[in-house]
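Excluded from the calculations below are hydrogen atoms, water molecules and symmetry mates; all remaining heavy atoms, backbone and side chain alike, are included. Please read all numbers here as calculations on a predicted model, not as lab measurements.
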Amino acid sequence: MRKTLILFFVMAIMIVSGCGKTIDNTKNSTKFDEHVETTQTTTSEPNDIDETSDTREQSTTDRFSNKNSAWQGGQKNYAELLKNLYETKEPKDAIRFAYKDLNNDKVSELIVSYNGPEITVYSLGDKVFKIDNYDFMTGTTQLRYSNNPSYPGIFYFTVGGGMEHHGYAALRNNKLVVEELWNEDYSGISTVLGISRDRIKDLSSDKDLINESKKVYRENDQIDWKPLKSIEENVKN
């Protein structure tokens, strides 16, 4: 009887512990390591987007250059891709985008967010090309950035399985490398499961990166997302 009650209590916590899916993102993390670089990719991203738009052909993008902030600061090179997304993907309200130099190479990457937790990263060479995509697998996902140039990547926060998960995603050799840095057992789920641990547990050996993550979390500088609908005027004119 006691085991049944404990199991019922655990299931109740798991149901209410996070908004959206309550999947433990430890399973979805990739070790951020100088020598071992693996990535997680998904197949849910639309396949009919032109991911090789030639940035040297400016006839289409020039007419967008001064109409909307989406094209300012040299970002008009991504205009054709965003225009394609606007014209072919639904729901538009669920798609957002942002610009961020993720590896200090002076080129701003385009980050597209589909339905919240899934992101796809594009960059510029002779053409626009897709680098990688990643699904954080939970409706409670926040992406932040640091003003410290030593950490140009994305600091993420997710909730799942009774835990708050904090990690870092960065570009390494044109791959998106993701690592969970630390987590916090805010719900007490570990005690219920008979696991002995502190409320906050560091998972990475990079203490400087962990400290920067905690600083970024406190300062709450979130990625400046623009809704896809913000380019509506550019597309229709």
(message) Which heavy atom of G160 sits nearest to which heavy atom of H165, and what is that distance?
(response) O-NE2, 3.1 Å
(request) Drop me the distance from E87's CD to L228's CG, to the nearest 0.5 angstrom. (result) 10.5 Å
(request) Provide the closest heavy-atom pair for K89 versus I95 in the form atom of the first, atom of the second, distance. (result) CB-CD1, 3.6 Å
(message) I'd like to check the side chain to side chain donor-acceptor pair (under 3.5 Å) partners of E164; sequence neighbours left out, ordered by chain and number.
(response) none
(request) List in chain and number order the residues that pass ring-ring contact (aromatic ring centres under 6.0 Å, His included) with Y151, two or more places apart in sequence or in another chain; answer none if no residue qualifies. (result) none
(request) For E90, enumerate each residue passing the side chain to side chain contact (heavy atoms under 4.5 Å, CB included) test, keeping only those at least two apart in sequence or located in another chain. (result) K92
(request) Give every residue pair that meets the ring pair (Phe, Tyr, Trp, His ring centres under 6.0 Å) criterion with at least one member in residues 199-234, sequence neighbours excluded. (result) F157-Y217, H166-Y217
(request) Under the side chain to side chain contact (heavy atoms under 4.5 Å, CB included) rule, collect the residues that match up with N220, sequence neighbours excluded. (result) R144, Q222
(message) I'd like to know if the side chain of S187 reaches the main chain of G162, judged simply by a donor and an acceptor atom lying under 3.5 Å from each other, with no hydrogens or angles considered.
(response) yes
(request) Answer whether the closest heavy-atom distance between the side chains of R197 and N183 falls below 4.5 Å. (result) yes
(request) Answer with yes or no after comparing the ring centroid distance for Y156 and F136 against a 6.0 Å cut-off, counting only values under it. (result) yes
(request) Could you pull out the closest heavy-atom pair between F155 and E212, with the gap in Å? (result) CZ-CG, 3.7 Å
(request) For K229, check side chain to side chain donor-acceptor pair (under 3.5 Å) against everything at least two apart and list the hits. (result) none
(message) Nearest 0.5 angstrom please: F97 CZ to D224 CG, how far?
(response) 9.5 Å
(message) Suppose we screen for ring-ring contact (aromatic ring centres under 6.0 Å, His included). Which residues come up paired with Y86, at least two apart in sequence or across chains?
(response) none
(request) Please check if the side chain of T120 supplies one atom and the backbone of N133 the other of a donor-acceptor pair under 3.5 Å. (result) no
(request) Give, for atom CG of L171 and atom CG of D132, the distance between the pair rounded to the nearest 0.5 Å. (result) 8.5 Å
(request) Specify the closest pair of heavy atoms between S190 and M163, including all atoms of both residues, with the distance to one decimal. (result) OG-CE, 3.5 Å
(message) What I'd like to find out is whether the side chain of K214 reaches to under 4.5 Å of the side chain of I200, using heavy atoms alone.
(response) yes
(request) Apply side chain to side chain donor-acceptor pair (under 3.5 Å) to S213 and list each qualifying residue two or more places apart in sequence or on a separate chain. (result) W182
(request) Under the side chain to side chain donor-acceptor pair (under 3.5 Å) rule, collect the residues that match up with R218, sequence neighbours excluded. (result) none
(message) Show me the pairs that pass salt bridge (Lys or Arg N to Asp or Glu O under 4.0 Å) and involve residues 184-196, at least two apart or across chains.
(response) E184-R199
(request) Measure the spacing between CG of L143 and OG of S113 and express it to the nearest 0.5 Å. (result) 7.0 Å
(request) I would like to know whether I154 and I111 meet side-chain contact (heavy atoms from CB on, under 4.5 Å); could you show each step before the answer? (result) CA-CA 10 Å; I154 300 170; I111 309 166; 3.8 Å; yes
(request) Kindly compute the distance separating CG (N77) from CG (L110), expressed to the nearest 0.5 Å. (result) 11.0 Å
(request) Grab the two heavy atoms, one from I231 and one from L82, that are nearest each other, plus how far apart they are. (result) CD1-O, 3.4 Å
(message) I want to check something: taking the side chain as every heavy atom from C-beta on, are Y114 and D135 in contact at a cut-off of under 4.5 Å?
(response) no
(message) Using side-chain heavy atoms (C-beta onward) and a distance below 4.5 Å, is V112 in contact with R96?
(response) no
(message) Within this structure, what is the CG-NZ distance for the pair L124 and K106, rounded to the nearest 0.5 Å?
(response) 15.5 Å
(message) Test your reading of the model: is there a side-chain donor-acceptor pair from N174 to the backbone of I131, 3.5 Å cut-off?
(response) no
(request) Might you work through the side-chain contact (heavy atoms from CB on, under 4.5 Å) test for Y186 and V159, ending with a clear yes or no? (result) CA-CA 10 Å; Y186 71 92; V159 177; 3.6 Å; yes
(request) Please name all residues satisfying side chain to side chain contact (heavy atoms under 4.5 Å, CB included) with K207, sequence neighbours left out, ordered by chain then number. (result) D202, I210
(request) Taking all non-hydrogen atoms of both residues into account, name the closest pair between Y145 and V216 and its distance. (result) O-CG1, 3.7 Å
(request) Check side chain to side chain contact (heavy atoms under 4.5 Å, CB included) between N104 and all other residues, then give those that pass, not counting sequence neighbours. (result) P152
